[in-house]
Asker: 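Handing you this structure, nothing more for now.
Atoms considered below: every heavy atom in the structure, side chains included; atoms not considered: hydrogens, waters and symmetry mates. Everything numeric in this text was worked out from a predicted model, so none of it was measured.
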Amino acid sequence: MIDFKPSINFWHDFKSNQVAGMWLFVGSRRALQIVRPSIAQLIIWGILGGCANTLFAWLSAGEVGEFNSQGLVSYALWPFIALMVGIFLSQRINNPRLMLVPALLWLVLDTHVALLQSLIQYLGMMDWLPYLFYDYLPALFMVLFVWQSLAVVWVFARELKWPWWERALIMVATLFTLVVWQISAKSQPIWKVEQLPPSISEATLYAQPKVLNQALESIQFGEFAQSHWYFLGVAGASYQEVFKSEVERIREQFDTRFGTFGRSMVLINHPSTLETQPIASKTSIELALKRIGQQMNRDSDVLFLYMTSHGLPQQFELENAPIDLAYVEPTWLRDTLDKAGIRWRVIVISSCFSGSFVSALQNENTLVITASAADRESFGCSNEADYTYFGRALFDEAMREQHDFESAFLQAKETVARWETAQGFEPSEPQWVMGKNMQLMLPQLEQRLFPAKQAAP
């Protein structure tokens, strides 16, 4: 027989129910010994549960969208079912005070689970979780939701000493119902974002050829008697702000500090630049490299190519929905550089698995730097960031402090490793591969980027 303790006062009952929810989470029957059911407690925990789940839905929607009342009604289904179960059990064992307990315990546990999910979701949004953890978040959230209902069934089944077959039948039926409901409920979250198909406006359609031609024509000849740097930046994925921001900031750094103004160009995939900057595609990359190759002195000028996006082994992502863009492969990039007649090359690729580009791009006249090894991921691709981890470490920090590329790379590599260790990520292991001729040429070329290097001796 379950004997519930009498109510003392609202706040005492509130704390007792909170503790009961914690015991319920670990499947302990102690939850039934300390719970203090009342209409007031059911109402307040119902409100708290609704608010906590609304917060989680808002964070899951990326802090955009609008409130969906249908989602709240869908959420309220489960405490209502728990209330019906409580009414049935209270009549079955002739204990009227049992009526509110299943719904109350479910709401207490659900409130805490929703707050835990909100915390995890927020940490993920801020890119503060180990990278591999993101793959398991949907499954974790599913398990937490399913377990909170199974825990109620499990505790009552043990306390009321139901036969093993009855426990098993009810647990299986509850599990099946919860999983099916959770899958179907995804279309009706409490905070909903209307998914609109991507589209391109008429203005964008006609603006792109113009902005691409203007960008190509802006690439100038260098002075014949000097070595010059040319800069081409490529921001590949349109669905994250960081790549656009990074390329724009690095171009500004090269134009103002390293003298590439009039010899720099960026190709950006992002909704905000569709009418002001040429998009990044294989075609635009090929045209940009061809133009740079025509304008530069091939014996003394050098190209700095910076590419940032997501990636897979042997693939650099180019994405700008709804345009269907092909990915960049290492051999294609090498052949395109060769056709453009660009002899001296410094190529920096910031993406996951970017080390897989090294073998195809390396030659005697090239320095290849990648943000990761061929079998490793790189990190820091969040919408809130101005740089990826590698971009910030190399350009925003190391190249402002060092006076040659190798020292800057070594400092950036150490900085990235320190950040990744602190976040629990698997080390990305940035790569550096330089050809023999470039080893001799680079110190002369660096004097244009780092005037202090020339004065140091």
Asker: Quick one: ring-ring contact (aromatic ring centres under 6.0 Å, His included) partners of Tyr122, sequence neighbours excluded?
Answerer: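 With neighbours one apart ignored, the set is empty.
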
Asker: Quick one: ring-ring contact (aromatic ring centres under 6.0 Å, His included) pairs with a partner in residues 255-296, sequence neighbours left out?
Answerer: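 Sorted pair list: Phe254-Phe258, Phe258-Phe450.
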
Asker: Tell me the closest heavy-atom pair linking Gly380 and Ala385, and the distance in Å.
Answerer: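 What the structure gives for the nearest pair is O-CB, 4.0 Å.
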
Asker: For Thr308, which residues count as a side chain to side chain donor-acceptor pair (under 3.5 Å) partner, sequence neighbours excluded?
Answerer: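 So Thr308 forms a side chain to side chain donor-acceptor pair (under 3.5 Å) with Glu246.
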
Asker: Would you check, one step at a time, whether the test side chain to side chain contact (heavy atoms under 4.5 Å, CB included) holds for Val348 with Leu305?
Answerer: CA-CA 6 Å; Val348 182; Leu305 172 61; over 6 Å; no

Asker: Decide, yes or no, whether a salt bridge links Asp386 with Arg249 under the criterion of side-chain N to carboxylate O below 4.0 Å.
Answerer: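 The answer is yes: the pair qualifies as a salt bridge.
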
Asker: Apply side-chain contact (heavy atoms from CB on, under 4.5 Å) to Pro209 and list each qualifying residue two or more places apart in sequence or on a separate chain.
Answerer: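 Pro209: no side-chain contact (heavy atoms from CB on, under 4.5 Å) contacts found.
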
Asker: Under the side chain to side chain donor-acceptor pair (under 3.5 Å) test, which residues partner Glu248, sequence neighbours left out?
Answerer: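 Per chain and number, Glu248 pairs via side chain to side chain donor-acceptor pair (under 3.5 Å) with Lys244.
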
Asker: Could you tell me whether a side-chain N or O of Tyr230 sits under 3.5 Å from a main-chain N or O of Gln295, the two making a donor and an acceptor?
Answerer: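 Confirmed, Tyr230 side chain pairs with Gln295 backbone.
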
Asker: I need the minimum non-hydrogen distance between Phe390 and Pro430, along with the two atoms involved.
Answerer: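 Taking Phe390 first and Pro430 second, the nearest heavy atoms are CE1-CB, 3.7 Å.
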
Asker: I want to check something: taking the side chain as every heavy atom from C-beta on, are Ile285 and Leu318 in contact at a cut-off of under 4.5 Å?
Answerer: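 Yes. Closest side-chain heavy atoms under 4.5 Å.
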
Asker: Whether the side chain of Gln208 engages the backbone of Ile279 through a donor-acceptor N/O pair (distance < 3.5 Å, no angle test) should be reported.
Answerer: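 Such a contact is found between Gln208 side chain and Ile279 backbone.
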
Asker: Can you find a side-chain donor-acceptor pair between Asn269 and Tyr239 that sits under 3.5 Å?
Answerer: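 There is no such pair (donor and acceptor under 3.5 Å, judged by atom type) between the side chains of Asn269 and Tyr239.
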
Asker: Identify, with sequence neighbours excluded, every residue that meets side chain to side chain donor-acceptor pair (under 3.5 Å) alongside Gln226.
Answerer: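 Listed in chain order: Glu223, Arg448.
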
Asker: Please work out whether the ring planes of Tyr389 and Trp419 are parallel, tilted or perpendicular, with thresholds of 30° and 60°.
Answerer: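 Judged by the thresholds at 30° and 60°, the geometry between Tyr389 and Trp419 is perpendicular.
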
Asker: Would you mind listing every salt bridge (Lys or Arg N to Asp or Glu O under 4.0 Å) that reaches into residues 261-279, with sequence neighbours excluded?
Answerer: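 Those involving residues 261-279 do not exist here.
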
Asker: Donor-acceptor check, side chain of Gln314 to backbone of Ser356, threshold 3.5 angstrom: yes or no?
Answerer: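 Checking the backbone N and O of Ser356 against the side chain of Gln314, a donor-acceptor pair under 3.5 Å is found.
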
Asker: How would you list, by chain and number, every residue that makes a ring-ring contact (aromatic ring centres under 6.0 Å, His included) with Trp23, sequence neighbours excluded?
Answerer: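 Result, ring-ring contact (aromatic ring centres under 6.0 Å, His included) vs Trp23: none returned.
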
Asker: Can you pull out every salt bridge (Lys or Arg N to Asp or Glu O under 4.0 Å) where at least one residue sits in residues 340-369? Sequence neighbours excluded, please.
Answerer: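 Of all non-adjacent pairs touching residues 340-369, those that pass salt bridge (Lys or Arg N to Asp or Glu O under 4.0 Å) are Asp299-Arg343, Asp338-Arg345.
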
Asker: Please report the interatomic distance CD1(Ile200) to CD1(Ile323), rounded to the nearest 0.5 Å.
Answerer: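 If I round to the nearest 0.5 Å, the distance is 3.5 Å.
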
Asker: Can you classify the ring geometry of Phe304 versus Trp229 as parallel (below 30°), tilted (30 to 60°) or perpendicular (above 60°)?
Answerer: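 It falls in the tilted class, 30° to 60°.
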
Asker: Less than 4.5 Å apart, side chain to side chain, heavy atoms only: is that true for Leu303 and Leu337?
Answerer: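 Yes. Closest side-chain heavy atoms under 4.5 Å.
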
Asker: Charged N to carboxylate O below 4.0 Å: is that the case for Glu426 and Arg376?
Answerer: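 Yes, this pair counts.
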
Asker: Tell me whether Thr111 contacts the main-chain N or O of Leu107 through its side chain, where contact means a donor paired with an acceptor under 3.5 Å.
Answerer: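 Indeed, once roles are kept as given, a pair shorter than 3.5 Å links the two residues.
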
Asker: Regarding Thr273 and Thr276, is there a side-chain donor-to-acceptor distance under 3.5 Å anywhere?
Answerer: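 No donor-acceptor contact under 3.5 Å links the two side chains.
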
Asker: For Trp191 and Ser60, test the side chains for any donor-to-acceptor distance below 3.5 angstrom and give the result as yes or no.
Answerer: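 Note: Trp191 and Ser60 side chains miss the donor-acceptor criterion.
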
Asker: Would Tyr306 and Val266 satisfy side chain to side chain contact (heavy atoms under 4.5 Å, CB included), going step by step from the backbone distance to the final call?
Answerer: CA-CA 9 Å; Tyr306 183 69; Val266 290; over 6 Å; no

Asker: Is a side-chain donor or acceptor of Arg30 paired with a backbone partner of Ala20 at a separation under 3.5 angstrom?
Answerer: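 Checking the backbone N and O of Ala20 against the side chain of Arg30, no donor-acceptor pair under 3.5 Å is found.
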
Asker: Kindly say whether Ile43 contributes a backbone atom to a donor-acceptor pair with the side chain of Gln41 at under 3.5 angstrom?
Answerer: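 No, because the side chain of Gln41 does not come within donor-acceptor range (under 3.5 Å) of the backbone of Ile43.
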
Asker: Hydrogens and angles aside, do Glu420 and Ser428 bring a side-chain donor and acceptor to less than 3.5 Å of each other?
Answerer: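 The criterion, which ignores hydrogens and geometry beyond distance, is satisfied for Ser428 and Glu420.
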
Asker: Quick check against the 3.5 Å criterion: does Ser354 have a side-chain atom that pairs as donor or acceptor with the backbone of Ser351?
Answerer: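 Yes, because the side chain of Ser354 sits within donor-acceptor range (under 3.5 Å) of the backbone of Ser351.
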
Asker: Heavy-atom distance under 4.5 Å between the side chains of Ile268 and Phe243, does that happen here?
Answerer: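 Side-chain contact under 4.5 Å: no.
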
Asker: Would a distance-only check, ignoring hydrogens and angles, find a side-chain to backbone donor-acceptor pair under 3.5 Å from Thr260 to Asp255?
Answerer: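 The answer is yes, because a donor-acceptor pair under 3.5 Å joins these two groups.
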
Asker: Would you tell me whether His310 and Glu319 have side-chain atoms, one donor and one acceptor, within less than 3.5 Å of each other?
Answerer: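 No.
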
Asker: Charged N to carboxylate O under 4.0 angstrom, Glu329 versus Arg334?
Answerer: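 Answer for the salt bridge query: no.
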
Asker: Does anything in residues 326-376 form a ring-ring contact (aromatic ring centres under 6.0 Å, His included)? List the pairs, not counting sequence neighbours.
Answerer: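 Non-adjacent pairs meeting ring-ring contact (aromatic ring centres under 6.0 Å, His included): zero.
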
Asker: With sequence neighbours excluded, tell me which residues meet side-chain contact (heavy atoms from CB on, under 4.5 Å) with Gln439.
Answerer: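 For Gln439 the side-chain contact (heavy atoms from CB on, under 4.5 Å) partners, ignoring immediate neighbours, are Met434.
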
Asker: Heavy atoms, side chains only, cut-off 4.5 Å: are Phe405 and Leu394 in contact?
Answerer: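 Not touching, per the 4.5 Å side-chain cut-off.
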
Asker: Got a donor-acceptor contact below 3.5 angstrom from the Ser28 side chain to the Leu24 backbone?
Answerer: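 Checked: no pair found.
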
Asker: Has Gln431 got a side-chain atom pairing as donor or acceptor with Glu429's backbone, closer than 3.5 angstrom?
Answerer: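 Looks like yes, one N/O pair under 3.5 Å.
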
Asker: Hey, are the side chains of Gln18 and Trp45 touching, using non-hydrogen atoms and a 4.5 Å cut-off?
Answerer: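 Of all side-chain heavy-atom pairs linking Trp45 with Gln18, at least one is under 4.5 Å.
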
Asker: Side chains of Glu397 and Gln411: any donor to acceptor distance under 3.5 Å?
Answerer: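 Short answer, no.
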
Asker: With sequence neighbours left out, write down each residue that passes side chain to side chain donor-acceptor pair (under 3.5 Å) with Gln117, or none if nothing qualifies.
Answerer: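 Gln117: no side chain to side chain donor-acceptor pair (under 3.5 Å) contacts found.
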
Asker: Could you verify whether a donor N or O on one side chain and an acceptor N or O on the other, from Thr336 and Glu286, lie under 3.5 Å apart?
Answerer: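 No, no side-chain donor-acceptor pair sits under 3.5 Å.
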
Asker: Of all heavy-atom pairs between Thr366 and Leu361, which one has the smallest distance, and what is that distance?
Answerer: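 Nearest heavy atoms, Thr366 then Leu361: CG2-O, 3.8 Å.
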
